[in-house]
Participant: 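If you scroll down you'll find the structure; I have some questions about it.
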Amino acid sequence: MTRASRTRGEWRPAPALSVARVAVDVPLAHLDRPFDYRVPSHLDDEAVPGVRLRVRFAGRLVDGYLLERVQESGHGGRLAWIDRVVSPEPVLTAEVAALCRAVADRYAGLLCDVLRLAVPPRHAAVEAEPSPDVAVAPSLDALDRSGWSRYPRGPALLRALEQGRAAHAVWQALPGEAWADRLAEAAAATAAGGRSALLVVPDQRDVDALQAACEARIGACGVVALTAELGPAERYRRWLAVRRGAVRVVVGTRSAAFAPLHDLGLLVVWDDGDDLHAEPRAPYPHVRDVLMLRAHAVTAALLVGGTARTAEAHLLVESGWAREVVADRATVRAAMPRVIAIGETDGQLARDPQARVARMPSVAFEAGRAALAAGRPVLVQVPRGGYLPWLACAQCRETARCRHCAGPLAVPAAAQRGGDGSPGPAHCRWCGRAEPGFRCGACGSRRLRANVVGARRTAEELGRAFPGVPVRSSGGGAAVLDRIRAQPELVVATPGAEPPADGGYGAALLVDGWAMLARPDLRVVEETLRRWLAAAALVVPHAEGGRVVVMADSALPTVQALVRWDPAGHAAAELRSRAEVGFPPAVRMAAVEGSAGAVAEVLACGELARLAGVEVLGPVEIGADPGTGVDPGVEVRERALLRVPRAQGRALAAALAAAQAARTARKASDPVRVRVDPQEIG
DNA sequence: ACTCCATTAGAA
DNA sequence: TCTAATGGAGTA
């Protein structure tokens with residue numbers, strides 16, 4: 001490398017491939033394309049594809065990535081020099097660059113926004129450290145595939161992974177399945193075949209479990225965990241080790257979907273219904289979609305696994321893109337606990353004196369008592385605190401109780417917000433019965449007052465129902481517990497925070513089922529079954545006395561799906577109902593949000609008008625920004641929903657990107673937020 | 001933020 | 001008819 005001359009006037013172009021195509025970090029839609037710069041001879045060695053750069057763009061120095069070196073520029077005018085190569089580390093691999101472009105295109109977003117999600121911030125000191133050792137391939141005979149033999153297509157899947165074939169699978173884990181071990185086996189099979197594996201799970205606790213399982217099979221040096229909780233230095237250290245090819249298996253959360261593994265053979269998303277897999281920052285990509293795009297681009301296998309099944313995963317099966325890996329009915333029945341539903345039509349409500357004292361339905365009380373007597377813990381799943389207020393007498397502050405089973409009364413948050421601000425119809429948290437004509441048992445008042453209920457309050461109630469039994473809380477304000485020992489105690493957990501128990505729970509009580517299903521959310525039905533299955537899967541099989549009591553009406557299809565343990569059937573029904581109402585994934589949808597004028601401008605744009613078969617819903621007025629608050633943008637006041645047949649999805653995204661480009665080119669000041677296939681629609 | 005270029009106002 | 005001033009577009 002020659003030294004930089006004192007003045008730019010003396011700079012000379014690199015002898016060969018002197019043009020660099022650069023992705024500049026400028027968040028404007030009409031500038032979302034590569035720009036060409038001249039490579040000066042003194043940067044010839046360092047200016048390789050993937051490095052971070054500084055270039056002069058529109059009069060200021062901006063960051064960018066070098067995408068490729070070429071001989072000629074298509075640009076007619078004079079090229080500016082690359083100002084500086086920030087570091088010689090080629091952080092953006094060609095594969096990840098192409099993936100980020102594909103993700104941006106899928107979501108009508110900007111490449112630079114996706115690059116921010118994909119490449120962690122630089123840490124110079126870490127970059128300068130010597131590289132750790134390169135991983136060794138695991139030995140083939142260390143493979144134990146017995147765990148997959150309970151699924152008829154399981155062994156074939158592992159064979160495919162070992163042979164490096166790009167299998168696409170949707171896997172429903174059996175109740176009580178050691179899912180981390182199964183995924184580790186899949187990763188080990190891939191590694192044994194000489195390729196690498198990327199496994200994305202919802203949260204840190206899952207990362208810890210899966211990392212341990214992978215290290216047990218592959219050895220610690222080839223496995224790396226990538227999560228946001230590591231802190232910038234450690235995160236970058238591990239990420240660099242991956243990029244430098246020292247890692248065969250990556251286990252991580254959301255942003256790890258972009259990890260720059262070499263020679264990818266397997267991509268896994270576990271529990272794809274968990275909303276942690278949806279990125280809250282623009283352009284709001286979902287892990288499952290990122291991995292699908294990636295699997296397609298590099299011809300790798302994709303495994304979408306979970307205890308439950310999403311409508312999106314089911315569509316992969318229905319369309320023939322993926323094969324399902326499921327156990328047969330007899331195996332499922334043998335592995336599952338007995339599930340009992342109690343609701344208004346079930347006639348199972350508390351009648352006997354003992355249950356009345358315990359303030360819960362006798363079936364639930366019995367299930368809990370039997371499990372505790374057998375020396376096993378009991379899991380109680382309660383909704384996350386905050387959204388479900390509990391009710392008290394406005395006069396004497398005594399807890400408002402159900403006249404049938406003496407359970408505490410509550411109103412769902414949706415009913416609370418509605419209309420005049422008075423609480424909607426109260427329901428019993430235990431049996432779900434409506435209580436339209438409350439009268440306080442203590443003072444006779446008919447007025448109710450709402451308080452916020454948390455898991456702690458529920459824990460107190462249960463403590464009284466099972467005197468002398470220790471009560472522990474996980475989530476909902478309390479710390480999330482990792483694991484529970486095999487001893488008789490009550491574990492009150494919010495969804496997603498249920499700790500597995502050694503040897504399994506003896507029983508699970510799923511309270512407030514009616515309230516979960518009453519939430520004003522498009523995905524409630526799917527989400528509720530996912531939460532119930534997640535808790536029920538931690539309970540020992542029926543033959544060992546395992547029982548699950550769900551406090552919701554057994555006439556509901558979602559309750560039936562739990563009773564029959566039929567996530568696939570439920571997902572099929574969910575997909576059908578989404579098709580009926582025209583919602584993703586049956587169609588491709590985009591939410592366009594912003595000021596009334598801005599939304600109208602986007603809807604009026606030529607590209608969108610030329611797009612055949614696009615249906616526009618709205619625009620409608622919306623209240624405060626329903627988004628994540630991550631967008632600093634202006635107050636969102638209107639929203640239009642656009643939908644097209646799935647085959648037109650790419651065209652819709654392209655049209656929306658063009659509309660955004662037209663706006664930014666015109667220096668339109670009020671921003672428009674576009675979300676493709678949004679997880680939530682306010 | 002800065003440059004480039006087109007358009008236009010003003011002077012010779 | 002030429003030149004300086006102004007503004008809008010594009011950003012290499």
Side-chain angles (χ1 to χ4, degrees), chain A residues 1-2 4-5 7-88 90-92 94 97-98 100-101 104-105 108-116 119 282-283 594 597-598 601-602 604-607 632-634 654-672 674:
Chain A
M1 180 177 80
T2 52
S5 304
T7 62
R8 259 151 224 263
E10 297 165 27
W11 285 16
R12 294 285 168 267
L17 303 175
S18 69
V19 175
R21 313 210 73 207
V22 176
V24 291
D25 186 17
V26 178
L28 294 170
H30 66 293
L31 303 178
D32 188 19
R33 61 196 156 94
F35 291 91
D36 290 349
Y37 286 82
R38 189 72 66 191
V39 181
S41 56
H42 68 279
L43 295 178
D44 191 25
D45 290 341
E46 291 190 331
V48 297
V51 295
R52 302 180 210 257
L53 301 170
R54 299 279 286 171
V55 293
R56 194 160 291 278
F57 187 79
R60 51 172 58 156
L61 274 178
V62 302
D63 294 315
Y65 292 97
L66 198 160
L67 298 175
E68 56 176 335
R69 294 272 300 264
V70 293
Q71 195 60 60
E72 295 285 339
S73 170
H75 180 60
R78 248 193 305 286
L79 298 187
W81 296 106
I82 288 173
D83 191 82
R84 183 160 83 81
V85 173
V86 172
S87 117
V91 288
L92 182 64
C100 292
R101 184 68 262 172
D105 292 342
L110 303 179
L111 177 65
C112 63
D113 284 341
V114 183
L115 289 172
R116 245 191 298 278
V119 183
E601 273 176 28
V602 169
C605 95
E607 286 83 358
V634 287
L656 287 168
Q660 290 276 49
R663 285 179 54 74
T664 55
R666 188 160 8 103
K667 297 184 180 8
S669 54
D670 45 348
V672 170
V674 173

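Chain letters run A, B, ... following the sequence lines, proteins first and then strands; every chain starts at 1.
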Participant: Base, sugar-phosphate, or nothing for A:Leu31, non-hydrogen atoms under 4.0 angstrom?
Facilitator: base

Participant: Does A:Arg666 reach a base, just sugar-phosphate, or nothing at all? Heavy atoms under 4.0 Å.
Facilitator: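 Nothing, no nucleic acid heavy atom in range.
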
Participant: For DNA chain C, just give me the dot-bracket, please: Watson-Crick or G-U, both distances below 3.5 Å, ( ) intra-strand, [ ] crossing earlier pairs, | paired with another strand, . unpaired.
Facilitator: ||||||||||..

Participant: Going 5' to 3' along DNA chain B, which are the first and last nucleotides with any atom under 4.0 Å from a heavy atom of chain A?
Facilitator: B:dA1 to B:dC2

Participant: For the residue pair A:Ser18 / A:Arg38, report whether a side-chain donor-acceptor contact shorter than 3.5 Å exists.
Facilitator: yes

Participant: Nearest whole angstrom, please: distance from the P of C:dA12 to the CG of A:Asp32.
Facilitator: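 In whole Å, C:dA12 P and A:Asp32 CG are 16 Å from each other.
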
Participant: Reading DNA chain B from 5' onward, which residue's closest nucleotide shows up sooner: A:Lys667 or A:Arg78?
Facilitator: A:Lys667

Participant: Report the distance from atom CZ of A:Arg60 to atom P of C:dA12, rounded to the nearest whole Å.
Facilitator: 13 Å

Participant: Taking atom CZ as the centre, does A:Arg78 end up with more than 12 heavy-atom neighbours from other residues, nucleotides or ligands that are less than 6.0 angstrom away?
Facilitator: no

Participant: Would you check if A:Val62 and A:Arg54 make a side-chain contact, meaning some heavy-atom pair closer than 4.5 Å?
Facilitator: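 No. Closest side-chain heavy atoms not under 4.5 Å.
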
Participant: What integer distance in Å separates A:Arg38:CZ from C:dA12:P?
Facilitator: 14 Å

Participant: Shortest non-hydrogen contact from A:Leu67 to A:Pro49?
Facilitator: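 Taking every non-hydrogen atom into account, O-CB, 3.5 Å.
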
Participant: What integer distance in Å separates A:Asp25:CG from C:dT11:P?
Facilitator: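 A:Asp25 atom CG is separated from C:dT11 atom P by 18 Å.
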
Participant: Atom NE2 of A:His75 to atom C1' of C:dG10: distance rounded to whole Å?
Facilitator: 10 Å

Participant: Hey, does A:Tyr65 have a side-chain heavy atom less than 4.5 Å from the side chain of A:Leu53?
Facilitator: no

Participant: In whole angstroms, how far is the C1' atom of C:dT11 from the CG atom of A:Leu61?
Facilitator: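 About 14 Å, once rounded to whole Å.
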
Participant: For A:Val39 and A:Leu17: C-alpha separation, side-chain torsions, deciding distance, then whether side-chain contact (heavy atoms from CB on, under 4.5 Å) applies.
Facilitator: CA-CA 8 Å; A:Val39 181; A:Leu17 303 175; over 6 Å; no

Participant: Nearest whole Å is fine: how far is C:dA12 C1' from A:Leu66 CG?
Facilitator: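 It works out to 13 Å between those atoms.
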
Participant: Which pair of heavy atoms, one from A:Asp36 and one from A:Ser73, lies closest together, and at what distance?
Facilitator: OD2-OG, 2.6 Å

Participant: Looking only at non-hydrogen atoms, find the nearest pair between A:Pro27 and A:Cys112 and report the distance.
Facilitator: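 Minimum heavy-atom separation between A:Pro27 and A:Cys112: CA-SG, 4.0 Å.
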
Participant: Between A:Arg56 and A:Ile82 (side chain of the first, backbone of the second, donor and acceptor by atom type, cut-off under 3.5 Å), is there such a pair?
Facilitator: no

